[in-house]
Number of protein chains: 2
Amino acid sequence: MSLRIALLGLLSTSGPGSGYDLAKAFERSINYVWHAGHSQIYPELAKMAADGLVTVEAQGTRGRKTYAITDQGSEELHRWLTGHRPAPPVRSEGALLAFLLPLLDPAEAIGVLSTLEAEMTARLHELEQLRALKRSAQVPPRGGLYALDFGIRSARTGLEWIRATADDIAARATPGDAGA
Amino acid sequence: MSLRIALLGLLSTSGPGSGYDLAKAFERSINYVWHAGHSQIYPELAKMAADGLVTVEAQGTRGRKTYAITDQGSEELHRWLTGHRPAPPVRSEGALLAFLLPLLDPAEAIGVLSTLEAEMTARLHELEQLRALKRSAQVPPRGGLYALDFGIRSARTGLEWIRATADDIAARATPGDAGA
DNA sequence: CGCCCCATGTAATAAGTTACATGATTTT
DNA sequence: AAAATCATGTAACTTATTACATGGGGCG
């Protein structure tokens, strides 16, 4: 369902486009929010056309089809955005790792956390640069900015958790002690 | 893959159990970290037994099988925990909503955010109570606590984002203005 | 004996991933 | 003309969801 919404959202903000365009748009703009590859996008667009949510606005050279959102598609999108969803079931690899971390001995656990810390730091920098770029480019759709902001806050929180957890594990491993 | 890991983790922390036990354990302990229903658990356990990660330790009345983790299973679990994974592709309904929020007019967007705020607040309270309970019960596996801590931090961050975004939208809707 | 909960499973469908296949256009 | 890349699609497989099916065991 959400893939449809993402596609409708892109068609709505950026105007009509082909499957290829949408796949590119995914990579560029919405990828850190919802990921999909072209092999998922093409069939989904076909189904959406069959359901009347989009129309084939134009047929270009080699099978290129330009899709545009229909009124029905806009309604569907609006309904999804305003209708409140029950929280989707949680399925987070990071949290699973957190849960199972104490199965490792302290040194190993801290090693894992420090790898994670490096990755998370890199991701945070990446997102912050992206935001700086977007701000200066003054690209009007603010959606990207709100979502980026969300990503940046999440990354910062992740880092804080990593550090706090590593500290806790270290403290427990050497209680009231100073050596390694 | 991660379902296997979750199951191996539970067998490793809580000892042998049947499919039913594990399904219960999922609901009780690991559910806010990784969700799975019994219809996914039973077949997966069978495959894991075929792969030598678990063994059927005992057969009880009516087809009840008690599974136990094998050495090979422990190794697999250990490998997953220490081997560093590339970040899985992002797919977050919340972030997608954030991305598409500006498609709504300001009043609608703020309405959506306030619904979200209520839900997120409820979730936060729930997790905080769970943590209080776990702390007082002094249940030894710390994993639950680290994961809970992660969940609580994430919920708090979510709330902050919701409030900041609502404020931003409100400020833009009535620039330099005081009325509604 | 009938009802309810325990307990295990299968089937059908949906969603997502990875790999394969194909041909047109632009660039060098 | 060859190479790169644009552009569209399909196939096979894995993972997850929802619904259906079945039967034992305890209890009133």
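Computed from a prediction, not measured in an experiment: that's the story for all the values here. Side chains included, hydrogens not; waters and symmetry mates left out as well; all remaining heavy atoms used. Just so we're on the same page: letters track the sequence lines, and every chain starts at 1.
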* Strictly by modelled atom types, are A:E93 and B:S2 linked by a side-chain donor-acceptor pair under 3.5 Å? -> yes

* Closest approach of B:A147 to A:A95 (non-hydrogen atoms, all atoms of both residues) -> CB-O, 4.0 Å

* Phosphate-side-chain proximity, B:R91 and C:dT17, N/O vs OP1/OP2 below 4.0 Å -> yes

* Asked: How close or far is atom C1' of C:dA24 from atom OH of A:Y20, stated in whole angstroms?
  -> 13 Å

* Round to the nearest Å and state the distance from A:L22 atom CG to D:dC6 atom P. => 16 Å

* Structure fact -> note: B:Y67, atom OH; C:dT8, atom C1'; distance rounded to Å ~ 10 Å

* Asked: For B:S18 and A:S2, take the nucleotide of DNA chain C holding the closest heavy atom to each; which residue's nucleotide lies nearer the 5' end?
  -> B:S18

* Asked: Quick one: the side chain of A:H35 and the base of C:dG16, do they pair up donor-acceptor inside 3.5 Å?
  -> no

* **Heavy-atom donor-acceptor pair, B:S39 side-chain to D:dT18 base, under 3.5 Å** => yes

* Between A:Y42 and D:dT8, does any side-chain N or O lie under 4.0 Å from OP1 or OP2? -> yes

* Asked: Whole Å only: how far is the CE atom of A:M48 from the C1' atom of C:dA15?
  -> 15 Å

* Structure fact -> Which of C:dT10, D:dA16, C:dG16 is nearest the side chain of B:L3? It is D:dA16

* **A:D21 CG to D:dT8 C1', straight-line distance once rounded to whole Å** => 12 Å

* Integer-rounded Å distance: D:dG9 C1' and A:K65 NZ -> 9 Å

* **Between P of C:dA15 and CE of A:M1, the distance in whole Å** => 7 Å

* To do: For atom CZ of B:R91, decide whether the heavy atoms of other residues, nucleotides or ligands shown that lie under 6.0 angstrom number more than 12.
  => yes

* Asked: Do you know the tightest heavy-atom contact between B:L100 and A:G9?
  -> CD2-CA, 3.7 Å

* **Spacing between B:E44 atom CD and D:dT14 atom P, to the nearest angstrom** => 11 Å

* Quick one: salt bridge (Lys or Arg N to Asp or Glu O under 4.0 Å) pairs with a partner in residues 6-24 of chain A, sequence neighbours left out? -> A:D21-A:R64

